[in-house]
Visitor: 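Encoded as structure tokens, here's the structure I'll be asking about.
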Amino acid sequence: MDCMLLTRIAQVSQEVAATSARSRKVALLAELFRDAEAADVPIVIPYLAGRLPQGRIGLGWKVLSRPVTPADGPTLTVAEVDALLSTLAKVSGAGSQAERARLVGELMGSATKDEQRFLFGLITGEVRQGALDAVAVEGLAEATGAPAADVRRAVMLAGSLQTVAEALLGDGPGALDRFRLTVGRPVLPMLAHSAASVSEAVDKLGACAVEEKLDGIRVQLHRDGDTVRIYTRTLDDITDRLPELTTAAMQLRGERFILDGEVIAFDEAGRPRSFQETAGRVGKRVDVATAAHAVPVSPVFFDALSVDDRDLLDLPFAERHAELARLVPEPMRVRRTLVTGPQDARQAEDFLARTLERGHEGVVVKALDAAYSAGRRGASWLKVKPVHTLDLVVLAAEWGHGRRTGKLSNLHLGARTADGSFAMLGKTFKGMTDAMLTWQTKRLRELAVEESEYMVTVRPELVVEIAYDGLQRSTRYPAGVTLRFARVVRYREDKRPEEADTVETLLAAHPEVKP
Ligand SMILES: Nc1ncnc2c1ncn2[C@@H]1O[C@H](COP(=O)(O)OP(=O)(O)OP(=O)(O)O)[C@@H](O)[C@H]1O
């Protein structure tokens with residue numbers, strides 16, 4: 001069969017977004033996957049989700065909104081669109097504006113009216129379906145007859161839905177065996193949900209470990225004999241930037257293992273240095289030797305995923321931790337206290353208080369009987385942080401005045417909504433350092449879809465962590481609420497917009513405010 005037509009993707013994408021019944025979404029995707037050639041699927045999935053595989057495409061608003069006569073009938077395939085957008089993303093140098101305009105004109109001219117609308121949404125970041133990956137896993141299972149749990153596990157281990165989809169559709173369910181936990185191949189890390197208090201977390205989980213939550217950088221450490229590799233939360237290889245970790249890995253009591261933990265800089269008194277200092281260690285342009293001397297970091301581990309080629313993912317946490325303790329000496333493990341049930345809640349509260357006194361941001365409460373659910377926000381890890389923050393997406397930014405003239409300053413902040421779009425919750429220009437202002441001005445202009453004298457509207461891609469003092473009703477904003485005293489804590493370039501907080505969870509956390 002020929003490559004998928006763009007029209008088909010646009011229609012399915014629209015239908016999936018419009019229906020609220022999960023089973024219907026799954027059925028729609030299953031049908032599409034059954035029809036797609038295996039090699040076509042890796043291209044199709046990101047377009048369906050409204051993500052451009054090419055990343056950002058710096059197109060000025062003028063170029064994008066220029067009307068082009070649409071084609072009469074659908075002939076464009078996703079592969080053609082993909083090739084053209086890849087070319088577009090690479091255009092640079094003199095005359096690039098004109099060349100971009102020409103390529104966009106060519107693309108839009110081959111598209112029907114509906115396809116033009118879809119392409120426009122894709123390029124501006126308006127069609128984005130946050131939950132699509134999770135539904136696509138079930139769609140793939142339905143299309144191929146493989147158990148959904150097995151497909152999910154393979155995706156975790158491969159770190160890529162597209163890779164698994166191609167193998168599964170090409171070679172059938174047997175292909176899933178290829179995706180095993182392997183030292184040297186990173187897997188998506190397990191993530192946590194939030195709980196309002198330690199007692200709430202303990203009540204939910206029963207027998208659990210309460211661990212300190214360190215505000216550093218998540219790392220997955222792989223050692224195979226003399227070879228050590230370190231991966232971030234987003235699976236980037238940062239081995240060369242953290243030589244201390246290779247040294248530490250070589251001192252552990254094993255030869256082949258995968259560990260999960262956090263890396264953080266402590267001061268001489270053993271208190272954590274600021275997050276910015278730790279984060280500075282993995283910046284792309286830092287001189288590693290100088291940085292390692294100025295801000296040495298230490299690994300602090302909390303889980304073991306594989307030891308001596310034994311896959312531990314499905315073992316209960318209590319058993320994985322026993323393996324960790326065998327391998328890693330106590331000073332290199334997070335502090336923890338064990339709790340058998342609600343009667344020990346007091347002891348858990350005390351542990352949180354002591355952890356905060358030591359300068360850490362909170363605790364993570366973990367069920368002792370739970371497996372490691374790679375790549376997911378498992379209900380068996382609950383984080384408790386007294387200073388509540390939100391991960392929001394920058395939708396636009398206003399040009400600053402006075403000392404901030406020439407800098408993009410006042411940010412428009414959005415939370416995710418059920419249909420995958422973003423609802424503006426408010427604005428803030430507080431909490432930004434000069435370095436942040438310079439950085440965000442450059443970064444936001446790269447994401448610009450429309451610029452005016454007053455503000456710049458951007459593709460909703462940049463996630464920013466925001467502290468706030470509460471919610472209040474507001475008729476000015478679409479969700480009916482706005483944030484009180486919002487201020488920027490930091491940018492979260494390690495998070496995708498699909499991971500931002502939703503209006504729904506925000507409202508659930510503030511039952512006192514009714515929009
Ligand atoms: N003991 C610990 N166990 C698990 N994660 C820990 C621990 N200490 C620190 N962390 C960090 O906390 C994060 C867990 O929270 P979550 O999964 O929600 O990620 P996050 O969204 O990056 O969280 P946050 O923004 O609160 O740091 C981990 O990604 C890890 O970086």
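Just so you know, ligand 1 is whichever comes first in the structure, and atom 1 is the first atom listed for that ligand.
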Visitor: With the threshold set at under 4.0 angstrom, would you say Arg336 reaches ligand 1 through any of its heavy atoms?
Guide: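 In this structure, Arg336 fails to qualify as a contact of ligand 1 - no heavy atom is under 4.0 Å.
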Visitor: Which of the atoms in ligand 1, numbered in the order shown and given with their element, are less than 4.0 Å from a heavy-atom of Glu211?
Guide: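 Near Glu211, meaning under 4.0 Å from one of its heavy atoms, ligand 1 has 1 (N), 2 (C), 3 (N).
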Visitor: Which of the numbered atoms in ligand 1 are under 4.0 angstrom from any heavy atom belonging to Arg233?
Guide: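 Per the distance check, 19 (O), 20 (P), 21 (O), 22 (O).
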Visitor: When you measure from atom 20 (P) of ligand 1 to every protein heavy atom, which one gives the shortest distance, and what is it?
Guide: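 The protein heavy atom lying closest is Lys495 NZ, 3.6 Å.
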Visitor: Is it the case that over 12 heavy atoms from other parts of the model lie below 6.0 angstrom from the CZ atom of Phe429?
Guide: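 Incorrect, the count does not exceed 12.
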Visitor: If the cut-off is 4.0 Å to any non-hydrogen atom of Trp381, which atoms of ligand 1 fall inside it?
Guide: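 Counting from 1, the qualifying ligand atoms are 4 (C).
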Visitor: Specify whether Trp439 and Tyr491 have parallel, tilted or perpendicular ring planes, treating 30° as the upper limit for parallel and 60° as the lower limit for perpendicular.
Guide: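 Tilted, since the angle between the ring planes falls between 30° and 60°.
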Visitor: If you measure from each non-hydrogen atom of Leu191 to ligand 1, which part falls under 4.0 Å: side chain, backbone, both or neither?
Guide: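 Both backbone and side chain.
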Visitor: Distance alone, cut at 3.5 Å: any donor-acceptor contact between the side chains of Tyr372 and Asp314?
Guide: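 Judged by distance alone, the side chains do not pair up.
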Visitor: Before accepting this row, confirm whether a basic side-chain N of the pair Glu461/Arg496 lies closer than 4.0 Å to the acidic partner's carboxylate O.
Guide: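 Result for this pair is no, no salt bridge flagged.
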Visitor: What protein heavy atom sits nearest atom 29 (O) of ligand 1, and how far away is it?
Guide: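 For this ligand atom, the closest protein heavy atom is Arg218 NH1, 2.9 Å.
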Visitor: Out of Lys213, His193, Lys383, His360, whose heavy atom sits nearest atom 12 (O) of ligand 1?
Guide: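 Result: the heavy atom closest to atom 12 (O) of ligand 1 is in Lys213.
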Visitor: Any salt bridge linking Arg492 with Glu465? Criterion: basic side-chain nitrogen under 4.0 Å from a carboxylate oxygen.
Guide: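 The answer is yes: the pair qualifies as a salt bridge.
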Visitor: Could you tell me whether some N/O pair between Arg492 and ligand 1 is separated by less than 3.5 angstrom?
Guide: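 The answer is yes, given that Arg492 and ligand 1 share an N or O pair closer than 3.5 Å.
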Visitor: Kindly identify the option in Leu214, Asp303, Thr389 whose heavy atom sits closest to atom 8 (N) of ligand 1.
Guide: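 Going through Leu214, Asp303, Thr389 one by one, Leu214 has the nearest heavy atom to atom 8 (N) of ligand 1.
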Visitor: Just need the protein heavy atom nearest to atom 17 (O) of ligand 1, so name the residue and atom and give the distance.
Guide: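 Result: Ala192 N, 2.7 Å.
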Visitor: Distance alone, cut at 3.5 Å: any donor-acceptor contact between the side chains of His321 and Arg336?
Guide: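 Arg336 and His321 do have a side-chain donor-acceptor pair below 3.5 Å.
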Visitor: Which is it for Met190 and ligand 1 at heavy atoms under 4.0 Å: side chain, backbone, both or neither?
Guide: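 Within the 4.0 Å criterion, Met190 makes no contact with ligand 1.
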Visitor: Which residue and non-hydrogen atom of the protein lie closest to atom 7 (C) of ligand 1, and at what distance in Å?
Guide: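 Looking at atom 7 (C) of ligand 1, the protein heavy atom closest to it is Phe302 CE2, 3.5 Å.
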Visitor: Which is it for Glu499 and ligand 1 at heavy atoms under 4.0 Å: side chain, backbone, both or neither?
Guide: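 It is neither part, as no heavy atom is under 4.0 Å.
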Visitor: Using a strict cut-off of less than 4.0 Å between a Lys/Arg side-chain nitrogen and an Asp/Glu carboxylate oxygen, indicate whether Asp303 and Arg320 qualify as a salt bridge.
Guide: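 Yes, charged N to carboxylate O under 4.0 Å.
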Visitor: Charged N to carboxylate O under 4.0 angstrom, Arg241 versus Asp236?
Guide: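 No salt bridge links Arg241 with Asp236.
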Visitor: Could you tell me which residues satisfy salt bridge (charged side-chain N to carboxylate O under 4.0 Å, His left out) with Arg256, sequence neighbours excluded, listed by chain and number?
Guide: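 Asp224, Asp309.
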Visitor: Examine ligand 1 and decide if any of its atoms is less than 4.0 Å from a heavy atom belonging to Lys385.
Guide: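 Checking ligand 1 against Lys385, which is what was asked, there is a heavy-atom contact under 4.0 Å.
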Visitor: Quick one: nearest non-hydrogen protein atom to atom 30 (C) of ligand 1, plus distance?
Guide: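 Looking only at protein heavy atoms, the one closest to atom 30 (C) of ligand 1 is Glu262 OE1, 3.0 Å.
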Visitor: Do Thr438 and Thr441 have a side chain donor and acceptor closer than 3.5 Å?
Guide: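 No, no side-chain donor-acceptor pair sits under 3.5 Å.
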Visitor: What is the closest protein heavy atom to atom 3 (N) of ligand 1, and at what distance does it sit?
Guide: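 Nearest protein contact, heavy atoms only, for atom 3 (N) of ligand 1 is Lys366 NZ, 2.8 Å.
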Visitor: Is the number of heavy atoms from other residues, nucleotides or ligands within 6.0 Å of CG (Asp226) greater than 12?
Guide: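 No, because the 6.0 Å sphere around CG of Asp226 holds 12 heavy atoms or fewer from other groups.
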